[in-house]
Amino acid sequence: MGFGTVSRGGSSRWPDQRLCTVEMGPPCHTSCLSRRKSSSSPKIKVDLDSSTGIAVMKFQSPPVNSLSLDFLTEFCISLEKLEMDRSCRGVVVTSALPKIFSAGLDIMEMYGKSPERCGEFWKAVQEMWLKLYGSNMVTIAAINGSSPAGGCLMALTCDYRIMAENPRYGIGLNETQLGIVAPFWFKDTMVNTVGHRTTELALELGLLYSAPDALRLAWWTSWCRRTRC
Ligand SMILES: CCCCC/C=C\C/C=C\C/C=C/C(=O)SCCNC(=O)CCNC(=O)[C@H](O)C(C)(C)COP(=O)(O)OP(=O)(O)OC[C@H]1O[C@@H](n2cnc3c(N)ncnc32)[C@H](O)[C@@H]1OP(=O)(O)O
């Protein structure tokens, strides 16, 4: 798989060439296996191949990988651990569930909770964004399912995106369709990737894009024809 370039850098872990390639072909003979480190928390599984320096972080929180406080906390801890592992240069975030990358913020976290709990949740959302955006590692979203609202934010916050082509999968900041306003920093993250005009239209109408449509609008430089990638 090939990925395009971005205007972010400044880390020793970024490849010298600005075009980077990630091989995700079949591993595995014995010496290779010994270089694999796995860790699993209830909602997130991480496999790091120290020989390539690439970790795959898989979301495994059925039914829809919604971003609950627990999920976000596990996500940040997993990312921090990889960040501290000098053998890790890049991380692919993806879903272990069929059809869904992430349904976005967990709606149940925003209903009937105490002000303290709401504050803790919102802080965790911001923490996820800050940690992912500020990561020293190359970050890649392999979007193998629907990715509305907060799920889209997570994908946009990565350096690169690849999306499985399936007409049922949509990605976008569709908050308007839900009667809520996307926070300004959600909007800014989208502007940074696709520009002002596309973002303005997408947010006003609460659009969800298919992979080919999103590709045309420069959300990414590659999409994957398999339904699972
Ligand atoms: C606390 C202070 C906060 C202050 C916040 C202030 C402002 C925030 C403003 C904006 C930011 C908001 C960002 C967001 O991300 S909001 C969430 C937006 N996401 C959605 O609306 C997604 C809605 N879901 C879907 O579109 C679909 O479910 C799906 C993801 C496409 C999957 O479809 P599918 O048909 O496969 O599944 P179901 O629809 O049958 O769903 C299965 C199951 O999952 C539950 N569920 C779905 N989405 C969520 C979710 N986001 N949070 C929690 N639970 C979710 C759904 O209810 C079903 O549950 P059930 O028990 O009925 O099986």
Side-chain angles (χ1 to χ4, degrees), residues 41-44 57-76 79 93-133 141-158 161 163-194 198-214 219 223-224 227-229:
S41 55
K43 296 179 188 301
I44 293 177
M57 196 189 276
K58 280 194 176 168
F59 306 152
Q60 49 182 21
S61 182
V64 290
N65 289 330
S66 61
L67 307 179
S68 62
L69 179 57
D70 287 348
F71 183 103
L72 292 163
T73 305
E74 285 181 28
F75 178 83
C76 287
L79 200 66
V93 295
T94 191
S95 171
L97 307 183
K99 301 187 296 182
I100 310 286
F101 177 73
S102 167
L105 303 192
D106 193 312
I107 287 164
M108 300 314 288
E109 294 281 7
M110 297 187 274
Y111 174 76
K113 296 284 193 286
S114 67
E116 293 72 26
R117 169 82 187 199
C118 287
E120 204 183 343
F121 172 67
W122 197 238
K123 192 172 167 214
V125 178
Q126 294 178 327
E127 197 83 354
M128 174 277 289
W129 178 75
L130 287 170
K131 281 202 171 8
L132 194 54
Y133 219 12
I143 308 154
N144 50 351
S146 294
S147 192
C152 171
L153 175 76
M154 197 177 239
L156 284 173
T157 305
C158 290
R161 283 149 292 284
M163 186 168 175
E165 187 187 5
N166 183 318
R168 284 172 304 164
Y169 300 168
I171 185 166
L173 294 181
N174 61 328
E175 281 84 348
T176 307
Q177 294 277 7
L178 314 172
I180 49 182
V181 176
F184 73 91
W185 47 282
F186 280 46
K187 181 265 294 174
D188 287 346
T189 309
M190 187 165 172
V191 166
N192 290 348
T193 307
V194 299
T198 301
T199 303
E200 191 175 30
L201 191 68
L203 264 65
E204 275 175 10
L205 301 178
L207 297 179
L208 286 174
Y209 296 94
S210 66
D213 283 348
W219 280 63
W223 86 94
C224 172
T227 52
R228 306 292 301 276
C229 60

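In listed order, ligands and their atoms are each counted from 1. Since the model is a prediction, treat every value here as computed from it, not as a measurement.
- Here the side chains of V125 and L67 are not in contact, with every heavy-atom distance at 4.5 Å or above.
- A donor-acceptor pair is defined here as one N or O able to donate and one able to accept, closer than 3.5 Å; such a pair exists between the side chain of N65 and the backbone of F101.
- Electrostatic pairing of E127 and K123 does not count as a salt bridge here, judged by no charged N lying under 4.0 Å from a carboxylate O.
- At least one side-chain heavy atom of W122 sits under 4.5 Å from a side-chain heavy atom of P183.
- A donor-acceptor pair under 3.5 Å links the side-chain atoms of N144 to the main chain of S95, judged by distance alone.
- Geometrically, ligand 1 and I180 share no nitrogen or oxygen pair separated by less than 3.5 Å.
- Distances from atom 10 (C) of ligand 1 to the protein include at least one heavy-atom value under 4.0 Å.
- Atom 21 (O) of ligand 1 lies below 4.0 Å from at least one non-hydrogen atom of the protein.
- Within 4.0 Å of atom 27 (C) of ligand 1, not a single protein heavy atom is present.
- Per-atom contact check: atom 34 (P) of ligand 1 does not touch the protein, criterion being a heavy-atom distance below 4.0 Å.
- The presence of a protein heavy atom under 4.0 Å from atom 38 (P) of ligand 1 is ruled out.
- Within the 4.5 Å cutoff, no side-chain heavy atoms of V194 are placed close to those of Y209.
- Side-chain contact check for I44 versus F59: some heavy-atom pair is nearer than 4.5 Å.
- Checking only distances, A103 does come within under 3.5 Å of ligand 1, N or O to N or O.
- Ranking protein heavy atoms by distance to atom 58 (C) of ligand 1, first place goes to P63 CG, 4.8 Å.
- The presence of a protein heavy atom under 4.0 Å from atom 56 (C) of ligand 1 is ruled out.
- Residue contacts with ligand 1 for S66 involve side-chain atoms from C-beta outward but no N, CA, C or O (heavy atoms, distance under 4.0 Å).
- Closest heavy-atom approach to atom 16 (S) of ligand 1 within the set M110, E175, K99: this belongs to M110.
- Using a 4.5 Å cut-off on side-chain heavy atoms (C-beta onward), S66 and I107 make no contact.
- At a threshold of 4.5 Å between non-hydrogen side-chain atoms, the residues P212 and E165 count as touching.
- For atom 47 (C) of ligand 1, the nearest protein heavy atom lies closer than 4.0 Å.
- Checking W122, F121, Y111 against atom 4 (C) of ligand 1, the nearest heavy atom belongs to W122.
- Distances from atom 52 (N) of ligand 1 to the protein include at least one heavy-atom value under 4.0 Å.
- Among T176, L173, D106, L105, the residue whose heavy atom sits closest to atom 15 (O) of ligand 1 is L105.
- Between Y169 and M163, the closest side-chain pair of non-hydrogen atoms falls below 4.5 Å.
- The CG atom of L153 sits 8.5 Å away from atom CD of E175, with the distance rounded to the nearest 0.5 Å.
- Neither the backbone nor the side chain of L67 comes within 4.0 Å of ligand 1, counting heavy atoms alone.
- Close to ligand 1: V181, with a non-hydrogen atom less than 4.0 angstrom away.
- If you number the atoms of ligand 1 from 1 as listed, the ones under 4.0 Å from a heavy atom of G104 come out as 15 (O).
- Atoms of ligand 1 found under 4.0 Å from any heavy atom of L178 (numbered from 1 in listed order, with element): 18 (C), 21 (O).
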